[in-house]
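Please read all numbers here as calculations on a predicted model, not as lab measurements.
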Amino acid sequence: MQVCIKNIRVIDPSQNKDVIENIFIKDGNIVTAPLTNNSMKIINGKDKIAIPGLIDIHSHLREPGQESKETICSGTKSAASGGITTVFCMPNTEPVIDNAQLVEFIIFKAKTEGIINVFPIGCATKGSKGTLLADIGMLKQAGVVAISDDGLPINNSMIMRCVLEYTKMFDLPFISHSENTDLSKHGVMNEGINSTILGLRGIPKQAEEVMISRDIMLAQLTGSHLHVAHVSTAGAVDLIRNAKKQGINVTAETCPHYFTLTDDVVRLYDTNTKVNPPLRNKEDIEAIKYGLLDGTIDCICTDHAPHTKDEKNKEFDLAPFGIIGFETLLNLVLSELVYTGILSLTQAISKMTYNPAKIFNLKGRGSLIQGNVADITIIDPNYIYKFNEDNIISKSKNSPFIGKTFKGKVVMTIVSGRIVYHI
Ligand code: DOR
């Protein structure tokens, strides 16, 4: 199968490219030479933008065990509609992904039912309980791209040290869910004036920062690659910036909700604003934006965390933490970072394509250079649309952005040369 995307504005951060040209695809890969076959499919790229397919390194696809929230099938369809061509899925499923058989199950399901690339992340500890190490070597052999107990921290520092020693041995990044549960216990939102007004128990920023400090120290001790998940505070950005300056092997990600919403939105007791770590303050948003600009924060991901209506339709205290994110990722990046002039389009796209591919060693992805897999996202930058519950493709609807109008939309998603989504 041969495809030509004609006269499209191509933005490829890996080559610092921003030009109008044709993209040629042959047998699922990007090729440079013009094709000379009559059966070639032509896609008109006029007034559209082509970027490398988005890589979302943090999501919860909920399969196995929580299929009422999401499945690999529904989750990958939702992601494709958001322009995502590769997702990493966290292992906090039921059961958790702490052995090779379950990794193989995810890979098999993704191949048979998924419509985009799915790369599993394996647990650091057995049952994600933080006490006994999972078989990290076997998980790697089975195909995981990283190790994490996301959703839960590893409280015991000796276990954490051992996890880092093993992830280093098997050349895998460790993704830390940085939360000191002694400090965050029973908390349901950011600690501050709003939690006081609402009468809800708060989670101090220090719950995140104490753990990041420890993990940076242990990364220094072991020389392992520490990737800090869902950065939400200004203090966390400073810690990571300083660690990078010292040459410690640390990378970091944040999610759109941490640079768009403050805990003011919790005031309506909307459980769709309940997320862990919680939404913070204006100064944290500013620091995160600056951290994205100066390179302290390498990646933007979704932490897509679907929960059913029944689960979220509870008192704030009782509802689960989590926000869906696949279908608003690009829009929020465009509206909050690009249209506001904080990042150039190239810088912003790099955080969702080239950087994650480089950090997680995804060969042949994250860039549109010749020979790479043809994972491509096409955007119509002038398309205006309202994000309604009715147009959400994910099984779950727990988004605080419902009702928001966006400019710019993914109009086509291509995975290995195949169109998996178009409007
Ligand atoms: O809000 C969150 N939801 N944060 C996490 O760390 C886990 C996630 C989930 O699995 O629902």
Side-chain angles (χ1 to χ4, degrees), residues 56-60 90 92 128 130 148-155 174-195 198 200-216 226-241 250-266 270-289 291-292 296-307 312 316-317 319-325 329 332 398-401:
D56 182 5
I57 56 173
H58 191 143
S59 80
H60 300 270
M90 283 296 176
N92 64 338
S128 262
S148 181
D149 275 351
D150 182 61
L152 293 167
I154 297 174
N155 280 316
F174 174 77
I175 305 178
S176 73
H177 172 107
S178 306
E179 176 184 352
N180 181 302
T181 46
D182 295 319
L183 287 170
S184 65
K185 209 180 217 148
H186 306 307
V188 291
M189 68 172 293
N190 183 48
E191 181 177 300
I193 182 81
N194 281 324
S195 63
L198 294 170
L200 293 173
R201 200 118 29 146
I203 301 174
K205 297 174 191 179
Q206 286 76 4
E208 180 171 337
E209 293 157 6
V210 161
M211 224 45 168
I212 295 178
S213 308
R214 180 202 70 174
D215 292 346
I216 285 172
L226 171 73
H227 179 83
V228 183
H230 39 50
V231 170
S232 78
T233 77
V237 178
D238 282 341
L239 288 165
I240 295 159
R241 181 179 295 115
V250 53
T251 53
E253 62 178 49
T254 192
C255 317
H257 38 275
Y258 298 120
F259 57 75
T260 52
L261 300 175
T262 67
D263 64 1
D264 288 347
V265 295
V266 183
D270 176 3
T271 56
N272 288 340
T273 64
K274 183 174 175 184
V275 63
N276 190 20
L279 303 173
R280 307 287 190 180
N281 304 125
K282 205 164 176 292
E283 61 269 24
D284 300 293
I285 290 188
E286 293 312 311
I288 286 169
K289 286 179 176 172
L292 284 163
T296 300
I297 303 177
D298 307 89
C299 303
I300 302 171
C301 57
T302 63
D303 195 0
H304 178 83
H307 294 289
K312 279 289 195 182
F316 202 89
D317 269 333
F321 291 98
I323 289 177
I324 56 166
L329 169 68
L332 292 166
N398 50 308
S399 168
F401 301 106

- Item | Closest non-hydrogen atom pair between N92 and G151, with its separation | ND2-CA, 4.4 Å
- Item | M189 vs K274 side-chain heavy atoms within contact, under 4.5 Å | no
- Query: What's the spacing between M211 CE and I154 CD1 if we round to 0.5 Å?
  - Reply: 8.5 Å
- Query: Going by distance alone, is a donor N or O of one side chain under 3.5 Å from an acceptor N or O of the other, for H304 and D56?
  - Reply: no
- Considering all heavy atoms of both residues, which atom of T254 and which atom of F259 are nearest to each other, and what is their separation? CG2-CD2, 4.1 Å
- Query: Would you call the rings of H230 and H58 parallel, tilted or perpendicular, where under 30° means parallel and over 60° means perpendicular?
  - Reply: tilted
- Message: Closer than 3.5 angstrom, by distance alone: can the side chain of R214 be matched with the main-chain N or O of N155 as a donor-acceptor pair?
- Response: yes
- Item | side-chain contact (heavy atoms from CB on, under 4.5 Å), paired with V265, selected from N272, T260, N194, T273 | T273
- Task: List the atom of L279, the atom of N190, and the distance in Å for their closest heavy-atom pair.
- Result: O-CB, 3.1 Å
- Taking the side chain as C-beta and beyond, is there a heavy-atom pair between P256 and L329 under 4.5 Å? yes
- Atom pair CD1 (I297) and OH (Y258), whose distance is rounded to the nearest 0.5 Å: 12.0 Å
- Note on the structure: Here the gap from T271 atom OG1 to D317 atom CG, rounded to the nearest 0.5 Å, amounts to 11.5 Å
- Polar side chain donor-acceptor pair, H227 to D298, under 3.5 angstrom: no
- Task: Report the distance from atom OG of S184 to atom CD1 of I203, rounding to the nearest 0.5 Å.
- Result: 5.5 Å
- Closest non-hydrogen atom pair between L200 and F316, with its separation: CD1-CD2, 3.6 Å
- Does the side chain of H257 reach to within under 4.5 Å of the side chain of F401, using non-hydrogen atoms? yes
- Please tell me if the side chains of N281 and K205 come closer than 4.5 Å, counting only heavy atoms from C-beta onward. yes
- Query: Measuring from L332:CG to C255:SG, what's the distance to the nearest 0.5 Å?
  - Reply: 11.0 Å
- With a 4.5 Å limit on heavy-atom distance, are the side chains of H60 and P306 in contact? yes
- Message: Would the distance check show the side chain of H177 and the main-chain N or O of A229 forming a donor-acceptor pair, the cut-off being under 3.5 Å?
- Response: no
- Task: Give a yes-or-no answer on whether the side chains of E208 and T233 include a donor-acceptor pair shorter than 3.5 Å.
- Result: no
- Message: Within the 4.5 Å heavy-atom criterion, are E209 and D238 side-chain neighbours or not?
- Response: no
- Is the closest side-chain donor-acceptor distance between D263 and S195 under 3.5 Å? no
- Task: Determine, step by step, whether L292 and I300 satisfy the side chain to side chain contact (heavy atoms under 4.5 Å, CB included) criterion, reporting the C-alpha distance in whole Å, the side-chain angles of both residues, the deciding distance to 0.1 Å, and the verdict.
- Result: CA-CA 9 Å; L292 284 163; I300 302 171; 3.8 Å; yes
- Query: Atom CG of D215 and atom CD1 of I240: how far apart are they, to the nearest 0.5 Å?
  - Reply: 10.5 Å
- Message: I need the minimum non-hydrogen distance between T296 and V237, along with the two atoms involved.
- Response: CG2-O, 3.5 Å
- Task: Looking only at non-hydrogen atoms, find the nearest pair between G322 and N398 and report the distance.
- Result: O-ND2, 3.1 Å
